[in-house]
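Below: the structure, in structure tokens.
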Amino acid sequence: MDTPLSTIAVVGLGTMGTGIAEVLARAGHEVIGIDISDEAARRAVAALETATARAVRRERITEQERSDVLARFRTFADLQAAAEAELVIEVVPESYEIKQQVFRELDAIVSPTTILATGTNALSVTRLAAESLRPERVLGLHFFNPAPAMKLVEVVSSVLTAPPAVEAVTELARSLGKEPVAVGDRPGFVADGLLFGYLNQAAAMYEANYASREDIDAAMKLGCGLPMGPLALLDLIGIDTARTVLEAMYSESHDRLHAPAPVLRQLSEAGLTGRKSGRGFYTYEGPGGQTVVADALTPRDNGSAGAGRTVRSVGVAGSGTMASGIAEVFAKAGYDVVLAARGQEKADTAKARIAKSLERSVAKGRLTAEARDGALARITAAGSLDAFADVDLAVEAVAEDLAVKQQLFGILDKVCKPGAVLATTTSSLPVVAIARATSRPQDVIGMHFFNPAPAMKLVEVVRTVLTADEVHATVREVCGKVRKHPVDCGDRAGFIVNALLFPYLNNAIKMVGEHYATLDDIDAAMKLGGGYPMGPFELLDVVGLDVSLAIEKVLHSEFRDPGLAPAPLLEHLVAAGCLGRKTGRGFREHARR
């Protein structure tokens, strides 16, 4: 099966097929483009002409090289043109019937040594292979859109696929400058298998009116460093396409996390499929447009939220990294800050940590020496919460333990003056349960900063059913003054970010536990195919496996969804003391700090 793969046919010249054809032709392969639509073929040729002309203008290729690339791409309307190909890649619509018909016809046309690849991201490669006369030469070759730019290619083997065929296309992918990852045959494979579950949950969160589309998208971009929010990404992918992928995943997994959110069906059946139709979760300037335009759901900045309370001084309770970071944020914004810890020594140590952080900012040119000195002078280190008597806003950043926080808020209730806003930075506990530890639950709100607080722009503002409108307005005003982006969410487990992030991380762990893919391949798939700044296992080791397990348990307890049950592998690693970077070992080995 030593196939040279010099001549390659691409069946289906839509956006993906055209992109794959461009990648192959520019890499020196003879490319046979096949589509029953003459218009699709013309668009594919025009797209290649435009892309290569742009490359010439940018001096990436010469005019002669452009001519050679264009000469290597030929289009046809009949599958018979694939007869001379050593590899055929089909990217026709996501339908078993259509794809199986293509494979049946190709069986009668191509050489017995030709490799047949499906570009599906949702259907079973095994089922498609079983319909072929040569199942050992059928595999999945899943490029990501746009194919010329995206580095990831998933090479999908079925139980019928011969290893030499896999080796041949894997080497081809590398020669194209792509990063191939080997995966088994299950709907969604790695990248889409993890991505679409997350997108589905975001759609369900929006449908439940838990948070606005803008806040959901901003939370995931600012809280996780993602290039796009989930609802904007669904509009880009196509809501109908996402629904098809999720239906295929659910038919295999029967996991409720993969059952398409009803809003996806409603939008699809209404023809509101996203950017391509001009409207989906957002409204665009026209079909195929990229610019979002205002619609009936666009937030109006009309000041209707009302005025908040005056905040001049802030108390921060805690002595850890988060408490120090929050205190630094407020001090740099001009607030007088009282940093209180359990004992003067701990408070002084926390202030010293802030001093070092400010010094690093000066060294990097982000802060002047004068601003550093001013911020540090505005911070008073105190060994008791009694120092909070005159603060206008008290923010706790102590251990993520409900009893500990309730006890602290009981003290704040007695110490803080009437009208002071009391905020908790909890990431997973019920804010209302903390509020009920006081005699003034209307003054209590969640103010969830992200670590490291000086760098991360997001704050989840969590109001309970008891939180006063004035308190909510106060915290939003304060967020603006400290240059943070507030997103509103209700008081339920995980809020926005953790409720969407940790099920995704949990599903990645399950993939490894089921021996479906390796840590490295999953991390590579999500970075290269999903644009994530870190792979799931890199992130888990940074966050801490014990922290991750605690959040998974809270989510499972709140929503009672079997799919949210913590992965057994995560529980085993935590029980073994393998907690990530902080212990030197988690999913990977790390040098002790």
Side-chain angles (χ1 to χ4, degrees), residues 187-188 193-211 215-216 219-220 223-224 230-231 242-243 246-247 249-266 400-403 405-406 424 426-436 446 448 460 462-466 487-514 536 540 543-575:
L194 294 176
L195 177 65
F196 278 88
Y198 149 71
L199 296 177
N200 192 40
Q201 287 181 284
M205 180 181 281
Y206 169 76
E207 184 174 26
N209 291 319
Y210 175 67
D215 278 354
I216 291 171
M220 298 313 292
C224 296
L231 302 180
R243 182 186 172 201
L246 286 163
E247 289 283 11
M249 291 172 64
Y250 181 70
S251 69
E252 294 288 331
S253 70
H254 301 293
D255 186 335
R256 279 165 49 193
L257 296 177
H258 300 151
V263 69
L264 299 178
R265 174 186 60 78
Q266 294 159 14
E400 192 72 350
D401 180 291
L402 183 58
K405 290 183 187 291
Q406 287 175 325
T424 171
T426 182
S427 63
S428 59
L429 300 174
V431 177
V432 74
I434 298 169
R436 294 279 289 174
H448 180 212
E460 289 177 320
V462 187
R463 63 184 304 174
T464 76
V465 292
L466 302 174
V487 297
D488 286 323
C489 48
D491 185 20
R492 74 179 201 188
F495 310 136
I496 295 175
V497 174
N498 286 349
L500 295 178
L501 174 63
F502 280 89
Y504 148 78
L505 296 174
N506 200 44
N507 285 336
I509 300 168
K510 289 177 182 178
M511 278 188 177
V512 169
E514 294 164 4
L540 281 159
V543 170
L545 274 59
D546 52 340
V547 174
S548 302
L549 178 59
I551 294 172
E552 295 288 0
K553 286 181 175 178
V554 168
L555 292 173
H556 185 225
S557 175
E558 172 109 344
F559 297 109
R560 308 296 176 92
D561 190 324
L564 294 175
L569 179 57
L570 178 61
E571 294 183 306
H572 294 161
L573 286 169
V574 171

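Numbering starts at 1 and runs along the sequence shown.
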| field | From Tyr206 atom OH to Leu231 atom CG, the distance as rounded to the nearest 0.5 Å | value | 8.0 Å
| remark: For Pro562 and Arg256 the tightest heavy-atom approach is CD-NH1, 3.8 Å
| task | Might you work through the side-chain contact (heavy atoms from CB on, under 4.5 Å) test for Phe502 and Val543, ending with a clear yes or no? | result | CA-CA 11 Å; Phe502 280 89; Val543 170; 4.2 Å; yes
| query | Does CZ belonging to Arg436 count more than 12 external heavy atoms closer than 6.0 Å? | reply | no
| request: Any chance you could lay out the side-chain contact (heavy atoms from CB on, under 4.5 Å) test for Thr426 and His448, step after step, and finish with the verdict? | output: CA-CA 6 Å; Thr426 182; His448 180 212; over 6 Å; no
| said: Check whether Asn498 reaches the backbone of Ala493 with its side chain - one donor and one acceptor, N or O, closer than 3.5 Å. | reply: no
| query | Quick one: CG on Leu570 to CG on Asp546, what's the gap to the nearest 0.5 Å? | reply | 9.5 Å
| Separation of Lys510 NZ from Asn507 CG (nearest 0.5 Å) | 5.5 Å
| said: Quick check against the 3.5 Å criterion: does Lys405 have a side-chain atom that pairs as donor or acceptor with the backbone of Ala433? | reply: no
| Gly490 to Val462 - nearest heavy-atom pair and separation | O-CG1, 3.5 Å
| field | Those residues that, when tested against Thr424, pass side-chain hydrogen bond (donor to acceptor under 3.5 Å, both in side chains) (two or more places apart) | value | Glu396
| query | So, does Glu460 use its side chain to make a donor-acceptor pair with the main chain of Phe495 at under 3.5 Å? | reply | no
| task | Show your working on side-chain contact (heavy atoms from CB on, under 4.5 Å) between Glu247 and Arg243 and close with a plain yes or no. | result | CA-CA 6 Å; Glu247 289 283 11; Arg243 182 186 172 201; 4.2 Å; yes
| Between CG of Leu429 and CD of Gln406, what distance do you get to the nearest 0.5 Å? | 9.0 Å
| remark: To the nearest 0.5 Å, atom CD1 of Ile216 lies from atom OH of Tyr210 at 9.5 Å
| task | Heavy atoms only: give me the nearest Cys224-Val497 pair and the separation to one decimal. | result | SG-CG1, 3.7 Å
| field | Smallest separation among heavy atoms of Val263 and Ala203, with atom names | value | CG1-O, 3.8 Å
| Shortest non-hydrogen contact from Ala219 to Ile496? | CB-CG2, 3.6 Å
| Hey, does Leu555 have a side-chain heavy atom less than 4.5 Å from the side chain of Ile551? | yes
| query | What's the verdict on side-chain contact (heavy atoms from CB on, under 4.5 Å) for His556 and Asn506, showing C-alpha distance, side-chain angles and the deciding distance? | reply | CA-CA 11 Å; His556 185 225; Asn506 200 44; over 6 Å; no
| Under the 3.5 angstrom rule, does the side chain of Tyr504 hit a backbone N or O of Leu194 as a donor-acceptor pair? | no
| field | Residue pair Met249 / Phe196: nearest heavy atoms and the distance that separates them | value | SD-CB, 4.0 Å
| request: Say whether, by atom type as modelled, one donor and one acceptor occur between the side chain of Glu400 and the main chain of Ser427 under 3.5 angstrom. | output: yes
| When you measure from the side chain of Asn200 to the backbone N and O of Leu257, does any donor-acceptor pair fall under 3.5 Å? | yes
| message | To the nearest 0.5 Å, what is the distance between CG on Leu246 and CG on Leu199? | response | 7.5 Å
